[in-house]
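Working notes for the structure below.
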Amino acid sequence: MTRPGHYLHSSHWGTFLARYRDGRLEVAPFPEDPNPNRLIENLTDALRHPARVAAPMVRRGWLENGPGPDSRRGGDKFVELTWDEALDLLAKELERIRQSHGPQAIFGGSYGWSSAGRFHHAQSQVHRFLNTTLGGYVKSVNTYSAGASSVILPHVMADGDLVSRRGITWNKIVAHTDLLLAFGGISPKNYQVSSGGISHHTERDDMRKAAERGCRFVLFSPQRNELPPESGFEWVPTNPASDTAAMLAMAYTLVRENLHDADFIARYCDGWEVFRQYLLGESDGVPKSPEWAQPLTGISAAKLGELARSAVGKRVAVVASHSLQRSVYGEQPIWMAAVLAALLGQHGLPGGGFAYALGSIAHYGRRIAVAPPGSLPQGANGVRDFIPVARIADMLLKPGQTYPYNGEDRRYPHIKLAYWAGGNPFHHHQDLKRLSRAFQQLDTFVVHETAWTATARHADFVLPATMSLERNDIGGSATEPLIIAMRAVAPAHGQARNDFDIFADLARRISDDAWEAFTEKRSERQWLELVYEQSRSKLEAMGEPAPAFDEFWEAGYVRTPATPDTGGVMAAFREDPEGHPLGTPSGKIQLSCEKIASFGYADCPGHPAWLPPTFGPDERHPLWLIANQPADKLHSQLDFGAFSQSKKRKGRAVFTMHPHAAAQRGIREGDCVRVFNDVGACLAVASLSADMLEHVTQLSTGAWYNPVVDDQGRHFCAHGNPNVLTRDVGTSSLAQGCAGQLSAVQVERYDGDLPPITCFDPPPGT
Ligand code: PGD
């Protein structure tokens, strides 16, 4: 299993073996993994890369002028301090904020994936610190991954986690599914990662096995590369933001031709009449026929009709990816996918129904582990206020302003200090110029980071954090069969410290009680034993091998069995809808929903609806931009790593466009291009592909923000971060989720001098 001198380690992109020798890291895939992820290669040169933060740093302007809004944030110099100096200063500032404004002036949402490992999970550490020492913080709710779906799904079907992680499994798809309708795809780059770690990458082989048994995979997407070739899929080129129209047209065909499952609707659904009237055009005069959908979707009416009819009498899984709902009106395709599966009578059948986001991440469609390791308790938050996570810039720019959310009128809090550990808002948020202005409003911004991300550059305090390879931890997740002893493989870089140790020393400066509350007087080793014990005791109670901590640590891992594959809540509901009602207002699947209708939101009405996009290609910006997840790194993590760097061209991100669109603009393969719209602009390098619609372009997220100003005073990102082009708006008044997936752009060849890439160099003064 192991190689001499190597230790098992875990990352969000895979379990791997690592050895640190003569200042270099060697990595090898986990031998049991059938399809290892090459992202482990980003780690080889990462530990000692100049982009790492090596010492505590404080922004010069903050040191000179003290806390307060400052437009220099993001472009200022930094001054190196000793740990004692930096922590003394920070503890004093935290105390000032607490006394003069209270914990409700601290934003501690700290969204981000940080690193695998249950104890040193940075976001949990920051939450625990703020709760136990300062009385709490304003938090954020929901995620950038599933902002819209996590709010709409509980109203209309079931909690998002039950529909994705604890619903239809790949095992059932392999054994039973005849037709898998993949709206938005099941992309290899996405199912190869999983927050918390993944030891066996099995999705590709599952799709191959299902296809060999005869399952037909149909991909609805503007791009062809969203399903693995092993699935033998058929690509139905689909306009961006038009999936709801495609699904409505399929539903229309079923109902018009009396092919829908009326018995299922009568027994298991609520709100049929309102939806039926809308579908057939009785309530708005617009029948949602395939002919109606053809110009919206780009799919021929005949094809939509054929697809609908081909589903009848089959075991059908309807899949809608995370990416579909990361867009304006992102609630609609998710709700409509659930409704389409209902009209086909599929919910609760083995391998049938709505598998939300199956394969959007490797967590979903897997069996749930019986004994996953515990996590760090976060303590009680004394502040009740929150924001939907993607409204961060609005919160900072519009304190006191009201906004709608999920049936409530809420008010943005007045935030003075933000504390971030384990996330990169200058990766994950939209309209980065606006975000920069938002962070300039704070009194103080504190960031713990492993590397000099743009977020760290916007901070007042930058405290260097270890990478997971530099500390001991325990790896595992709810869907992982292995619990991994993640031993420190290398010494810490420079003066980097573990987030836990930084917080413990800060807590001590606040008071002895604060230190005791945060640490519970436990060392790292004692915390790891506690986290592991939660698995061990469960395994022991089940009569499974349950080694003591020392033995586990020596062996490198222990296995946990999976819970039975029962089909989850939808199977139980199908079996006995009265005994196992859903958590919706009616206890049934809501084909329309009076509660949502009562909110009165024009951007999220009381039934799934086609809402024409409020933006999209126009004369000035005639191309769609898909700003999706990268394939060469996880989000922005290790963009400086060897694998990510090997995929860049001219040191920049790759911008993919159709050869015809390129030819119209005099752009050739490998040309540097300027991509722009009214939000912003960036440079990237063109790659031409006929495997996409002509009016669609694609630029993955993940290139670190590298803002520059040219000699005409134009701001742009020299590196190709697409979030300079995305709009900072919520999905709808219901969920206010991240809508960063799509934008509309123009592109031109860039013949000017190429600005150097400086985002991986430490900032001036360091
Ligand atoms: P990461 O790059 O993973 O991005 O956004 P997220 O903020 O999670 O950032 C994690 C940061 O944590 C890194 O900078 C890393 O160095 C740091 N870190 C890692 N380990 C540690 C640690 O132990 N301690 C500390 N202190 N720091 C650590 C991802 C987000 O982006 C997500 S989840 C999604 S789904 C969204 N996707 C899109 C999209 O598809 N399109 C657009 N346009 N925008 C998106 N943004 C969102």
Side-chain angles (χ1 to χ4, degrees), residues 113 142-153 160 163-164 180-195 203 218-228 233 235-247 297 318-338 354-365 389-390 427-430 613 615-616 624-631 634-635 656 691-693 696-702 722-723 725-727 729-732 735 737-744:
W113 270 46
N142 312 329
T143 61
Y144 276 79
S145 302
S149 58
S150 62
V151 180
I152 187 92
L153 278 170
V163 184
S164 53
L180 190 147
L181 301 171
F183 291 92
I186 302 178
S187 172
K189 66 184 169 20
N190 299 338
Y191 62 66
Q192 288 290 93
V193 302
S194 185
S195 58
E203 286 74 5
V218 180
L219 166 67
F220 297 80
S221 171
Q223 305 184 91
R224 188 196 287 273
N225 64 352
E226 300 283 2
L227 268 177
F233 71 96
W235 179 37
V236 178
T238 309
N239 283 334
S242 74
D243 301 79
T244 307
M247 292 184 226
T297 60
V318 182
V319 176
S321 64
H322 273 332
S323 57
L324 287 194
Q325 51 88 65
R326 205 176 294 128
S327 182
V328 173
Y329 309 142
E331 295 80 2
Q332 303 309 314
I334 303 310
W335 192 357
M336 189 54 218
F354 176 38
Y356 170 61
L358 183 73
S360 286
I361 191 169
H363 278 313
Y364 302 160
V389 68
H427 161 73
H428 63 234
H429 198 64
Q430 288 56 64
F615 75 106
W624 280 106
L625 174 74
I626 299 178
N628 57 359
Q629 304 286 346
L634 172 77
H635 309 143
T656 310
D691 282 342
M692 63 200 318
L693 291 171
V696 168
T697 65
Q698 184 262 337
L699 179 62
S700 298
T701 57
N723 274 327
L725 301 158
T726 53
R727 295 175 322 140
V729 292
T731 52
S732 81
C738 162
Q741 187 74 14
L742 296 175
S743 200

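- Ser327 places no side-chain N or O within 3.5 Å of a backbone atom of Ala739 that could act as its donor or acceptor partner.
- A 4.5 Å side-chain heavy-atom check between Leu180 and Phe233 finds every atom pair outside the cut-off.
- For Glu226, there are no salt bridge (charged side-chain N to carboxylate O under 4.0 Å, His left out) partners two or more places apart in sequence or in a different chain.
- The backbone N or O of Ser145 sits less than 3.5 Å from a side-chain atom of Gln325, completing a donor-acceptor pair.
- Every side chain to side chain donor-acceptor pair (under 3.5 Å) that Ser194 has, sequence neighbours left out, goes to His363.
- When the ring pair (Phe, Tyr, Trp, His ring centres under 6.0 Å) test is applied to Tyr191, no partner is found at least two apart in sequence or on another chain.
- Under the salt bridge (charged side-chain N to carboxylate O under 4.0 Å, His left out) criterion, Arg727 pairs with no residue, sequence neighbours left out.
- Contact annotation: the side chain of His429 never approaches that of Asn723 to less than 4.5 Å [non-hydrogen atoms, C-beta and beyond].
- Counting heavy atoms from C-beta on, the side chains of Phe354 and Ile334 come closer than 4.5 Å.
- Applying the side chain to side chain contact (heavy atoms under 4.5 Å, CB included) rule to Val696 yields the partners Pro222, Pro240, Trp624, Ile626, Met692, Leu693; only residues at least two apart in sequence or on another chain are considered.
- Listed by chain and number, the residues in a side chain to side chain donor-acceptor pair (under 3.5 Å) with Ser242 amount to none (sequence neighbours excluded).
- Applying the side chain to side chain contact (heavy atoms under 4.5 Å, CB included) test to Asn190 and every residue at least two apart in sequence or in another chain returns Ser187, Gln629.
- Contact of the Asn628 side chain with the Ser323 side chain is not registered, since no non-hydrogen atoms from C-beta on lie closer than 4.5 Å.
- A donor-acceptor pair under 3.5 Å is absent between the side-chain atoms of Asn142 and the main chain of Val389, judged by distance alone.
- The closest side-chain heavy-atom distance from Lys189 to Pro630 is not below 4.5 Å.
- Thr731 and Glu331 are linked by a side-chain donor-acceptor pair at a separation below 3.5 angstrom, with hydrogens and angles left out of the test.
- Shortest non-hydrogen contact noted between Ala148 and Gly330 is CB-C, 3.9 Å.
- Here Thr697 pairs with Leu623, Leu625, Phe655, Met657, Val745 under the side chain to side chain contact (heavy atoms under 4.5 Å, CB included) rule; sequence neighbours left out.
- Under the rule for a side chain to side chain donor-acceptor pair (under 3.5 Å), Ser221 has no partner lying at least two apart in sequence or in another chain.
- Residues satisfying the ring pair (Phe, Tyr, Trp, His ring centres under 6.0 Å) test with Tyr356, not counting sequence neighbours, are His322.
- Residues passing the side chain to side chain contact (heavy atoms under 4.5 Å, CB included) test with Ala246, sequence neighbours excluded: Phe183, Thr297, Ile299, Leu304.
- With sequence neighbours excluded, no residue forms a side chain to side chain donor-acceptor pair (under 3.5 Å) with Gln332.
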